[in-house]
Structures are given as C-alpha cells and as structure tokens.
Amino acid sequence: MMLKEIKKDLYSSQTTLVAVSKTRSQQQILELYDLGQRDFGENRVPELVEKYEALPEDIKWHAIGSLQTNKIKYIAPFISLIHSVDSYRLLYKINREALKNDRTIDVLLQIKIGMEEAKQGFKMDELKKLLKKEKSFEAFANVNIVGLMGMASFTNDKEQITAEFKSLKTYFDLCQKEFFNAESFNTLSMGMSGDYKIAVSQGSTMVRIGSLLFS
Ligand SMILES: *Cc1c(COP(=O)(O)O)cnc(C)c1O
C-alpha cells in the first residue's frame, strides 16, 4: 500500500490527494477508506454513480474525465468537484443541473498544457479571451469555478513536464489575480502517479493518483 508514502510526500505542501479509483473494485476503495482516504476520482459516469450509491456517504467524489453534457444530470446531485470543464457549453449545462438540484457545484477549468493533440482543455490564450469577454462566467450562480486542472505530456522528459506545470501555475496565478476571487479560486489540480512530485514542486494543491496507489 503506497498511501502512506504518498501522503508523506504531500504533507509539507498540504496537497490534497484524490485517489483515482476508476476500474478499481468497491472493496479496493473501502480499503483506502478505512485508512482515512475520503477523496476519490472516477472518469466514467455510470461507474461513478454505481460506486456513489454503494459506498459510504462521506466520500467526496471527483469527476476527472471528459464529461458528456447529457450525463451531467446523473452526478449533479452529489458530485464534489468536476475537474474537467473544457467548454463554455459544459459550464452552462452544469449550472443548469446544479440549479435543478438546488445546489452549487464546484468545478475546475481544464487547461491544455501537454503536447498531445488529443488532450482536452481550454487553450490558455483562448480562455483568457473568453474570460475577458464573458463576464457571464460569473453569471452562473450555481457553479463555483474554484481553480484549474491540467495534464502534462506523456514523456519521461522531466524538464518538459516541469516547464508545463510551471506554465500552468503561472497561468493559475494570473487568473486568480485578474478574473476570480482569490479566496475561492484556490485549487490547482495537477500531478498523477508518474509526475506528482514535480507537480507539487511547481505549486500543485491537488494531485490525482491512481496506478501508484493501487499497485
Ligand atoms: C487515470 C487518470 C489519472 C490517474 O492516473 P495514474 O497515472 O493512474 O495515476 C489522473 N487524472 C486523470 C484525468 C485520469 O484520467
């Protein structure tokens, strides 16, 4: 069990650990739960809903994968944080479902930092334009934009990964200063099994770790 080692790495920076439990059994989740872990992340809605219904109520569920707008309604009643908002349209729909459930949903805007073409997320310059133009981001009364999320390139090049995380942190600081309330815009979700130590060194406040934790 790697939980202890990982928690030790996160301790001094007070970084939140999201245990990425996609494809893992309920039993495996409960083993971590019994050790005190409460934040779990999933990337598929049906699996997320099934686990939410079966597992303890005080688990905080995180949606980390690309999210289809027609699936939001299934997680809107309980989701703790959506990491993967990559379009204005998605934000609009999350707000609508949150309203229907009479709650406010915390979300992160996903930013494209990796080199892979397929990586989802807002491009930094595009989002900046949108934020400048659309004060309406703030008009979504039932959505709280609490920060940003990004995934580094799949590479062993540590300098490359460091540079990507650094650029996301710089962008996060800029958004916090120019566009959001710094008190509530306080979460920077970056770092996975292979690169979380680099992410933490670059100012991550939340890491999403799967394979390392469950291996
Ligand atoms: C699967 C996944 C993770 C965890 O990846 P590991 O390499 O297993 O730690 C983190 N973030 C997202 C968005 C994922 O889909």
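Side-chain atoms are counted along with the backbone in the values below, which use heavy atoms only and exclude waters and symmetry mates. Atoms within a ligand are numbered from 1 in the order they appear, just like the ligands themselves.
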Checking side-chain contact (heavy atoms from CB on, under 4.5 Å) for the pair Phe140/Tyr88: CA distance, chi angles, key distance, verdict? CA-CA 11 Å; Phe140 293 134; Tyr88 189 79; 3.9 Å; yes
Would you tell me whether Glu164 and Ser153 have side-chain atoms, one donor and one acceptor, within less than 3.5 Å of each other? yes
Taking [atom] as the reference point, the nearest protein heavy atom with its distance:
atom                    : answer
atom 9 (O) of ligand 1  : Ser193 OG, 2.5 Å
atom 2 (C) of ligand 1  : Lys22 NZ, 2.6 Å
atom 12 (C) of ligand 1 : Ile64 CD1, 3.6 Å
atom 5 (O) of ligand 1  : Met192 CE, 3.4 Å

In terms of ring plane angle, is the pair Phe180 and Phe185 parallel, tilted or perpendicular, where the classes change at 30° and 60°?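 Geometry flag for Phe185 against Phe180: parallel rings.
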Do Met206 and Ile161 land in one hydrophobic cluster if side-chain heavy atoms of ILVMFWY residues count as linked below 4.5 Å?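 No, separate clusters.
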Please determine whether a side-chain nitrogen of the Lys or Arg among Lys51 and Glu47 lies less than 4.0 Å from a carboxylate oxygen of the Asp or Glu. yes
Interfacing atoms of ligand 1 (cut-off 4.0 Å, heavy-atom, Ile209): 9 (O)
Only heavy atoms of Ser211, strictly under 4.0 Å: list the atoms of ligand 1 that pass.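 Ligand 1 atoms under the 4.0 Å threshold to Ser211: 6 (P), 7 (O), 8 (O), 9 (O).
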Using heavy-atom distances only, which candidate in Arg208, Met149, Met190, Gln120 approaches atom 11 (N) of ligand 1 most closely?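 Nearest option to atom 11 (N) of ligand 1, by heavy atoms: Arg208.
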Heavy-atom pair of closest approach, residues His62 and Ile79: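 For His62 versus Ile79, the nearest heavy atoms are C-CD1, 4.1 Å.
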